[in-house]
Amino acid sequence: MTEASILFLRACLALLAMPIYLLSFLGIWEPFCKKVFFPFFLEKICTIHERKAKKQKQELFRNLPDFTSPSGELRLLEIGTGHGANFQFYPPGCKVTCTDINPNFQRGLSRSMNKNQHVHYEQFLVAAGEDLRQVPSGSMDAVICTLVLCSVHSVNDTLKEVLRVLRPGGAFYFLEHVAADRSSWKYFWQQICYPTWKLVFAGCCLTREIWKNLEEANFSELSLQHISIALPWTPIQPHVIGFAVK
């Protein structure tokens, strides 16, 4: 009965989103989403998410200076930088390499850079999380990834790249929305929204249990919490937050 209900409600949601499915079938939606819709939407939703998660992010990044290298530099790599919502939380003088698979965030990214001139911006690389070959192995003191692991092709391959680019003793910081408890109504609605949400929002997956990938990755230390961020009327309230040490 539950599976039948999910399939029926998925079909109803797909019917409501039929114009987008049609544009996708014609090959129009993906380039429009990548260039126009998703950068615009992400900037708006990040503004809301930032307001709701500001205290959690302040606490998360509070110990970033602890991972300064012996040379006195703090080199950060951010995967999926987007519009640069995290820059405000980075320590003064740190050197940041920005990466994103979508090069169409440049305008919003430039605005964030201008607002946060306490940070030194090294370069912007167009790269997927699973393929950071442009970044030398062991060259980073910390890697940051927020609201990105939901849409990478492979969480495990992305974490392998994180471990590769981190120096020994470096840290990986994360804040990601995840699957709700499987016995909950939230999970029920995540399953209903999943196919349409993934299409509309550039491959964003609602039901990934990312904490399991983090637990199974080859980190020497993992500090992880399950939290809920108040985003009413959305299926992305459950989150995991924390950091892991190589």
Side-chain angles (χ1 to χ4, degrees), residues 53 55-82 84-101 109 112-113 116 118-178 208-227 239-246:
K55 287 183 180 179
Q56 289 93 335
K57 280 193 174 184
Q58 286 173 333
E59 180 61 25
L60 172 64
F61 295 125
R62 184 175 54 83
N63 69 340
L64 257 176
D66 294 348
F67 294 97
T68 300
S69 67
S71 68
E73 288 187 332
L74 179 61
R75 298 179 67 95
L76 309 181
L77 171 73
E78 181 160 1
I79 299 174
T81 306
N86 293 324
F87 293 161
Q88 61 183 300
F89 303 106
Y90 295 163
C94 67
K95 296 183 175 182
V96 180
T97 296
C98 305
T99 74
D100 207 292
I101 197 171
L109 187 59
S112 290
M113 287 176 171
N116 296 280
H118 65 287
V119 173
H120 177 72
Y121 302 101
E122 298 259 84
Q123 58 182 329
F124 177 85
L125 305 174
V126 178
E130 303 93 334
D131 184 7
L132 299 171
R133 68 181 74 180
Q134 299 171 77
V135 183
S137 298
S139 62
M140 294 294 159
D141 300 304
V143 177
I144 318 293
C145 188
T146 62
L147 303 183
V148 173
L149 294 179
C150 59
S151 56
V152 297
H153 290 300
S154 169
V155 176
N156 288 336
D157 287 346
T158 300
L159 294 178
K160 285 177 184 176
E161 277 291 81
V162 168
L163 282 160
R164 181 185 67 78
V165 303
L166 278 174
R167 64 167 176 81
F172 173 56
Y173 287 78
F174 56 88
L175 172 61
E176 299 288 341
H177 71 80
V178 294
R208 286 185 173 174
E209 296 173 324
I210 291 169
W211 65 91
K212 293 183 179 179
N213 302 94
L214 287 161
E215 288 166 354
E216 292 166 6
N218 194 28
F219 290 105
S220 63
E221 178 187 334
L222 175 63
S223 174
L224 182 149
Q225 286 182 291
H226 289 260
I227 63 171
H239 286 63
V240 289
I241 187 171
F243 68 95
V245 180
K246 177 176 175 178

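Residue indices begin at 1 and follow the sequence shown.
Proximity of L74 to K95: side-chain heavy atoms (C-beta onward) are nowhere separated by under 4.5 Å. Under the 4.5 Å side-chain criterion, counting only non-hydrogen atoms from C-beta, Y173 is in contact with L64. Between E209 and V178, the closest side-chain pair of non-hydrogen atoms is not below 4.5 Å. The shortest side-chain heavy-atom distance between L125 and Q123 falls under the 4.5 Å cut-off. N213 places a side-chain heavy atom less than 4.5 Å from the side chain of L159. The shortest distance between side-chain heavy atoms of M113 and C98 falls below 4.5 Å. Counting heavy atoms from C-beta on, the side chains of K57 and T146 come closer than 4.5 Å.
Side-chain atoms of E176 come within 3.5 Å of backbone N or O of L149 as a donor-acceptor pair. Distance alone, capped at 3.5 Å, is enough to place a donor-acceptor pair between the S154 side chain and the D157 backbone. A donor-acceptor pair under 3.5 Å is absent between the side-chain atoms of R75 and the main chain of V96, judged by distance alone. A donor-acceptor contact shorter than 3.5 Å is absent between the side chain of H239 and the backbone of L147. The main-chain N or O of T158 is never found under 3.5 Å from a side-chain atom of E130 such that the two would form a donor-acceptor pair. At distances below 3.5 Å, at least one donor-acceptor pair connects side-chain atoms of S69 with backbone N or O atoms of E73. A donor-acceptor contact shorter than 3.5 Å is absent between the side chain of Q225 and the backbone of G242.
Tested against I144, the residues L77, T81, N86 include a single side-chain contact (heavy atoms from CB on, under 4.5 Å) partner, N86.
Closest non-hydrogen pair, L109 versus G82, comes out as CD1-O, 3.7 Å. Between Q134 and A127, the closest heavy-atom pair is NE2-CB, 3.9 Å. For L222 against A244, the heavy-atom pair with the smallest separation is CD1-CB, 3.8 Å.
Here F124 contributes atom CZ and E78 contributes atom CD; the two are 10.5 Å apart, rounded to the nearest 0.5 Å. Summarising the geometry, atom NE2 belonging to H118 is positioned 6.0 Å from atom SG belonging to C94; distances are rounded to the nearest 0.5 Å. Going from atom CD of E216 over to atom NZ of K212 covers 8.0 Å, rounded to the nearest 0.5 Å. Atom CG of L224 and atom CZ of F219 lie 11.0 Å apart (nearest 0.5 Å). Here the straight-line distance linking atom CD1 of I227 with atom CG of L175 works out to 5.5 Å at 0.5 Å rounding.
Other residues, nucleotides and ligands contribute more than 12 heavy atoms inside 6.0 Å of the CG atom of D66. In H226, the NE2 atom is crowded: over 12 heavy atoms of neighbouring residues, nucleotides or ligands sit closer than 6.0 Å.
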Check against side-chain contact (heavy atoms from CB on, under 4.5 Å), T97 and M140: CA-CA 9 Å; T97 296; M140 294 294 159; 3.8 Å; yes
side-chain contact (heavy atoms from CB on, under 4.5 Å) between V143 and I79, worked out: CA-CA 7 Å; V143 177; I79 299 174; 3.8 Å; yes
Taking only distance into account, with no hydrogens and no angle test, what donor-acceptor pairs under 3.5 Å do side-chain atoms of residues 162-170 form with protein atoms, sequence neighbours excluded?
residue, atom, partner, partner atom, Å
R164, NE, E161, OE1, 2.7
R164, NH1, V135, O, 3.0
R164, NH1, S137, OG, 2.9
R164, NH2, L132, O, 2.8
R164, NH2, V135, O, 3.1
R164, NH2, E161, OE2, 3.3
R167, NE, D141, OD1, 2.5
R167, NH2, F67, O, 2.7

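Separation of the F174 and F243 ring centroids does not fall under the 6.0 Å cut-off.
Defined by atom type and a distance below 3.5 Å, a donor-acceptor pair is missing between the side-chain atoms of Y121 and N116.
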